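Just so it is clear: chains get the letters A, B, ... in the order the sequence lines come, proteins before strands, and each one is counted from 1. On a predicted model such as this, the values are computed, not experimentally measured, just so you know.
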There are 2 protein chains.
Amino acid sequence: MPPARRSRTPSPSSSSGPADRPALHLTRFLPYRLSVLANTVSHTLAKLYEKRFGITIPEWRIIAVLGGGETMSAGEIAQRTAMDKVQVSRAISRMLESALILRESGDTDRRKALLTLTPKALAIYAEIVPMALTYEEEATDALSIDERAQLDTLLSKLQARADQLAARPAPVSAQAEPVEE
Amino acid sequence: MPPARRSRTPSPSSSSGPADRPALHLTRFLPYRLSVLANTVSHTLAKLYEKRFGITIPEWRIIAVLGGGETMSAGEIAQRTAMDKVQVSRAISRMLESALILRESGDTDRRKALLTLTPKALAIYAEIVPMALTYEEEATDALSIDERAQLDTLLSKLQARADQLAARPAPVSAQAEPVEE
DNA sequence: CCATTTTAGTTTCGTTTGAAACTGTTGCAA
DNA sequence: TTGCAACAGTTTCAAACGAAACTAAAATGG
């Protein structure tokens with residue numbers, strides 16, 4: 001079937017009629033497409049990581065940011081991985097159990113715990129990074145050099161805008177009023 | 001700060017040394033970027049939908065595909081929304097409770113239930129679609145016409161490839177062996 | 001026909017999630 | 001100082017999730 005163009009501005013001339021209602025095709029709707037794509041990709045990688053290393057995506061992210069051997073606090077990890085502190089806290093306790101991470105409380109500030117990867121986790125890092133990069137390469141191997149650059153630009157612009165829109169307080173207009181008209 | 005280029009192929013000349021290890025910066029890693037972006041967008045929309053209409057994203061998706069007034073089965077909805085049947089089933093039972101959907105069992109095949117939106121849901125549809133399109137417009141308003149076309153192309157290509165990679169059975173090589181060393 | 005398999009959808013169960021409450025620690029200000 | 005607000009991180013609780021088991025109905029085929 002043909003891609004069925006969306007009718008955002010049906011025609012300035014027409015004054016009414018059912019065709020005037022703006023239509024929405026889910027498969028052309030950006031948030032939907034992003035969600036499905038990100039889901040597909042994450043799910044594939046999650047299975048890969050789980051099968052090979054027995055770790056989850058949050059754990060992988062932590063390994064990714066600590067993989068250089070640095071030490072940082074849970075809060076810093078949260079920032080760098082775009083996860084919230086609850087998620088980080090839980091991932092860390094799993095990693096403590098599986099001896100992937102080392103925690104020692106800082107002496108200057110006993111609230112902050114200093115976290116470092118164990119050699120076991122560093123070994124995973126060494127092996128998982130090429131695996132992740134290979135996946136990324138495969139996912140984009142149908143794209144030209146130009147397209148990859150475009151993708152980079154577009155994702156950055158969209159993320160910046162999405163952050164703005166997320167920060168904006170809910171639009172003043174309609175709030176929990178019953179649907180009228 | 002400069003975009004910090006990734007060193008995939010550090011230098012063909014060097015034979016060893018710590019700098020040879022492929023590095024990975026999460027913020028440059030496509031799956032991570034997609035996940036964060038999709039999350040930001042979905043979260044913003046979810047709050048919007050919840051505040052204004054008291055519905056969740058799965059419910060919104062169902063409304064979106066039935067919004068034209070069509071009738072279809074749960075399975076068909078699942079296909080069109082890329083949700084699995086469990087998710088659809090649960091969303092439908094919520095919608096039955098809140099009188100957003102009507103279910104009548106088909107006479108030719110009593111396994112399939114025919115689902116239709118109630119007028120209440122159609123009213124939501126009429127109001128939510130412009131809202132969704134406005135969000136989409138705002139999210140992309142920093143993009144040129146060309147860039148929007150590029151985005152469309154890129155998302156389609158990436159999704160197609162991601163689907164292939166997801167369908168592929170896990171790579172033959174390493175499976176659940178412990179990391180040694 | 002009856003038995004078996006397939007299909008549609010629901011339920012169950014264990015896990016994951018996110019928001020909010022909570023604990024302990026530090027910084028600040030009266 | 002001590003009292004209070006801010007901060008780092010954990011726990012709790014209820015909702016949401018996914019995989020697998022389950023129920024019911026239709027299709028298949030012997």
Query raised in the report: Would you find a donor on one side and an acceptor on the other, under 3.5 Å apart, between the side chain of R148(B) and the backbone of L143(B)?
Result: yes
Query raised in the report: Could you give the CG-to-C1' distance, from L96(A) to dG9(D), as a whole number of Å?
Result: 13 Å
Report task. Check whether any side-chain nitrogen or oxygen of H43(B) sits under 4.0 Å from OP1 or OP2 of dT17(C), and answer yes or no. Result -> no
Query raised in the report: With sugar-phosphate meaning primed atoms plus P, OP1 and OP2, does S105(B) contact a base, only sugar-phosphate, or nothing at under 4.0 Å between heavy atoms?
Result: nothing
Query raised in the report: Where the side chain of K85(A) is concerned, which of dG9(C), dG9(D), dT11(D) is the nearest nucleotide?
Result: dG9(D)
**Report entry** Sugar-phosphate only, base, or nothing, as touched by S73(B) at under 4.0 Å among non-hydrogen atoms
**Finding:** sugar-phosphate
Query - Below 4.0 Å: OP1/OP2 of dT10(C) and any side-chain N or O of S89(B) - result: yes
**Report entry** Donor-acceptor contact below 3.5 Å, side chain S73(B) vs main chain E76(B)
**Finding:** yes
Report summary line: To the nearest angstrom, the CG-P distance between D84(B) and dA21(D) comes to 16 Å
Report task. Give the rounded distance in Å between these two atoms: NZ of K112(B) and P of dT7(C). Result -> 11 Å
Query - Whichever of R90(B) and A113(B) has its nearest DNA chain C nucleotide further upstream toward 5' - result: A113(B)
Report task. Answer with yes or no whether R111(B) presents, from its side chain, a donor or acceptor under 3.5 Å of a partner atom in the base of dT7(C). Result -> yes
Requested in this report: Mind calculating the distance between CD (Q79(A)) and C1' (dG9(D)) to the nearest angstrom?
Outcome: 14 Å
Requested in this report: Would you state whether a donor and an acceptor, one from the side chain of R103(A) and one from the base of dG9(D), lie under 3.5 Å apart?
Outcome: no
Query raised in the report: Whole-Å distance between dT17(C) C1' and N39(A) CG?
Result: 14 Å
Query - Considering all heavy atoms, the nearest T116(B)-G69(B) contact - result: CG2-O, 4.1 Å
Query raised in the report: Can any side-chain N or O of R110(A) pair as donor or acceptor with the backbone N or O of S105(A) at less than 3.5 Å?
Result: no
Report task. Rounded off to whole Å, could you give me the CG-to-C1' distance for the D109(A) and dC7(D) pair? Result -> 8 Å
Query raised in the report: Taking CD1 from I62(A) and P from dG9(D), how many angstroms apart are they, rounded to a whole number?
Result: 12 Å
Query - N/O donor-acceptor pair under 3.5 Å between R61(A) side chain and Y32(B) backbone - result: no
Query raised in the report: Which is true for T56(A) with a 4.0 Å heavy-atom rule: it touches a base, it touches only sugar-phosphate, or it touches nothing?
Result: nothing
Report task. To the nearest Å, give me how far apart CD1 (I92(B)) and P (dG9(C)) are. Result -> 8 Å
